[in-house]
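Notes follow the structure.
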Number of protein chains: 2
Amino acid sequence: MGRWEPDARERLVRAALDLFGEQGYENTAVAQIAERAGLTKSTFFRHFRDKREVLFGGQDVLAELMTGAISGAPAQAGPLEVVEAALVATAVTFTDERRAHGPQRLAVIASNDELRERAALKMVGFAVAMTDALKQRGVPELEASVAAELGVLAFNHGYERWLGTGGDFAEVARRTLGEVRAAVGRLEGAE
Amino acid sequence: MGRWEPDARERLVRAALDLFGEQGYENTAVAQIAERAGLTKSTFFRHFRDKREVLFGGQDVLAELMTGAISGAPAQAGPLEVVEAALVATAVTFTDERRAHGPQRLAVIASNDELRERAALKMVGFAVAMTDALKQRGVPELEASVAAELGVLAFNHGYERWLGTGGDFAEVARRTLGEVRAAVGRLEGAE
DNA sequence: TACGGTGATGAGACCAAGTCCCATCACTTA
DNA sequence: TAAGTGATGGGACTTGGTCTCATCACCGTA
């Protein structure tokens with residue numbers, strides 16, 4: 001077995017997630033992950049840039065969905081409406097299967113510095129992508145940064161909420177962004 | 001030479017910065033940095049957790065200054081006023097010497113993924129620290145997150161501006177945060 | 001049926017990051 | 001002068017990650 005079995009990438013992800021759960025991230029060698037998936041270290045690094053990335057596959061797709069939605073939004077829409085559209089656009093990737101191993105994935109990430117680091121970089125990537133797409137629409141630099149940052153905040157809170165409650169991510173994201181905006185209003189109104 | 005010369009840590013930082021500038025981060029081995037500083041690899045790792053950290057020394061101090069300022073702020077101050085105090089409190093670390101090699105440091109970080117990753121983690125660290133300190137004051141979760149995130153944004157923009165213009169960082173930070181708040185107002189007012 | 005092409009994999013050498021352990025040295029204090 | 005302390009040197013070792021080349025399954029075509 002092994003060679004030419006289909007879905008090598010998925011097998012690697014599952015093996016990694018299992019092993020990280022059983023022994024912890026640091027105590028699991030890439031060779032071991034590959035072995036459990038019926039593959040070798042070489043093949044692992046053909047599918048993932050590094051050991052961390054096995055937990056973050058497909059996040060580039062998210063950034064593309066976001067920027068696509070921002071570029072395609074109606075011209076008269078305000079920055080935060082556009083950001084909302086960006087979050088909603090990512091909903092197609094939030095499948096039941098993804099929700100199933102979401103908590104395990106989050107737990108592993110939280111347990112390790114390298115992984116929190118990678119997660120932070122991904123979020124910065126989202127923020128930069130949205131900022132650029134907003135600037136492309138003519139939104140001034142600072143407004144674009146702020147709107148994008150608020151969007152990432154809502155995305156993160158929304159993701160955690162979605163893991164707990166399930167349902168349609170688009171709905172959850174919309175509601176969460178609304179609450180963030182309300183918080184912003186309370187902040188500026190208070191002084 | 002080497003052994004028992006003072007300021008081993010500072011020598012390592014300077015050697016690293018120079019070598020990264022000359023040959024790039026990836027092409028510079030830790031052993032080489034240590035050698036130029038008149039030390040060995042072992043000693044390098046005694047002073048820095050890893051190769052990246054040589055560029056981020058002292059950022060823990062910043063987080064402590066921020067949380068200290070937030071805890072010590074007057075009880076009636078609003079969240080964003082408190083955040084302003086946090087940024088102002090970090091000004092003591094922004095010396096001329098730090099400004100001197102700031103651009104070189106930023107250029108190196110921008111050139112490499114690992115380093116951008118570490119920088120992102122540091123910023124998340126600031127945000128978490130400020131969020132927690134705000135919650136400690138009774139600020140609700142979401143308001144705290146938003147205020148902290150805006151503070152980090154202002155900190156970053158302010159830092160870049162300070163590298164360009166010089167002067168007192170406290171002043172720059174105050175002004176930058178003011179502009180961020182104005183941008184927030186324009187965002188929410190527009191729709 | 002045979003053949004060559006293609007793409008994914010295996011295998012192993014290799015380098016550098018990071019850990020560990022122990023010896024060594026300079027300096028301090030009794 | 002001797003013991004103690006803290007920073008350093010040195011080297012073995014594991015693992016992440018790169019690179020190169022051989023190998024195998026499948027596909028199309030003659």
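Numbered from 1 within each chain, the chains take letters A, B, ... in sequence-line order. Values in this document were obtained by computation on a predicted structure and should not be read as measured data. Only heavy atoms go into these numbers, but all of them, side chains included; no hydrogens, no water, no symmetry mates.
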Short side-chain N/O contact to dA8(C) OP1/OP2 from Thr43(A), under 4.0 Å:
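No, no such contact exists.
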
Compare side-chain N and O positions of His47(A) against OP1 and OP2 of dA8(C) and report whether any pair is under 4.0 Å apart.
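No, outside the criterion.
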
Presence of donor-acceptor pair under 3.5 Å, side chain of Arg46(A) and base of dG7(C)
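Such a pair does not exist between side chain and base.
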
Using whole Å, what does the distance between atom [atom2] of nucleotide [N] and atom [atom1] of [X] come to?
X: Glu53(A); N: dG17(D); atom1: CD; atom2: C1'; answer: 14 Å
X: Leu39(A); N: dG7(C); atom1: CG; atom2: P; answer: 19 Å
X: Gln32(A); N: dT14(D); atom1: CD; atom2: P; answer: 15 Å
X: Leu12(A); N: dG16(D); atom1: CG; atom2: P; answer: 14 Å
X: Asn27(A); N: dT14(D); atom1: CG; atom2: C1'; answer: 13 Å
X: Asp7(A); N: dA8(C); atom1: CG; atom2: C1'; answer: 14 Å
X: Phe48(A); N: dT18(D); atom1: CZ; atom2: C1'; answer: 18 Å

Quantify the bending of the helix from dT1(C)-dA30(D) to dA30(C)-dT1(D) as the angle between its end axes, each fitted on five pairs, to 10°.
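Taking five pairs per end, the axes differ by 10°.
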
Considering only residues two or more places apart or on different chains, which pairs with a residue in residues 167-176 of chain A satisfy side-chain hydrogen bond (donor to acceptor under 3.5 Å, both in side chains)?
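As it turns out, there is no side-chain hydrogen bond (donor to acceptor under 3.5 Å, both in side chains) pair with a partner in residues 167-176 of chain A once direct neighbours are skipped.
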
What I want to find out is whether Glu53(A) reaches Lys122(A) closely enough, with some N-O distance under 4.0 Å, to be called a salt bridge.
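Counted as a salt bridge, because a side-chain N and a carboxylate O are separated by less than 4.0 Å.
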
Flag the pair Arg36(B) and Glu22(B) as a salt bridge only when some basic side-chain nitrogen lies within less than 4.0 angstrom of an acidic carboxylate oxygen.
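Counted as a salt bridge, because a side-chain N and a carboxylate O are separated by less than 4.0 Å.
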
Is any side-chain heavy atom of Leu80(A) closer than 4.5 Å to a side-chain heavy atom of Glu188(B)?
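The answer is yes; the side chains approach within 4.5 Å.
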
Quick one: sort the Phe155(A) and Phe126(A) rings into parallel, tilted or perpendicular, breaks at 30° and 60°.
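Perpendicular, since the angle between the ring planes exceeds 60°.
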
Do the rings of Tyr159(B) and Trp162(B) sit parallel, tilted or perpendicular, given the 30° and 60° boundaries?
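Correct class here is parallel.
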
Would Lys51(B) pass as a cation-pi partner of Phe45(B), given that its NZ or CZ must be under 6.0 Å from the six-membered ring centre and within 45 degrees of the axis?
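Not satisfied by the 6.0 Å and 45° rule.
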
Cationic tip of Arg105(B) above Phe56(B) ring, under 6.0 Å, 45° of axis:
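Yes - Arg105(B) lies over the ring of Phe56(B), closer than 6.0 Å to its centre and within 45° of its axis.
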
Can you give one letter per nucleotide of nucleotides 14-19 of chain C, going 5' to 3': B for a protein heavy atom under 4.0 Å from the base, S for sugar-phosphate only, - for none?
---SBB

Quick check: are there more than 12 heavy atoms from other residues, nucleotides or ligands sitting under 6.0 Å from CG of Asp96(A)?
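Atom CG in Asp96(A) is not packed in, count stays at 12 or less.
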
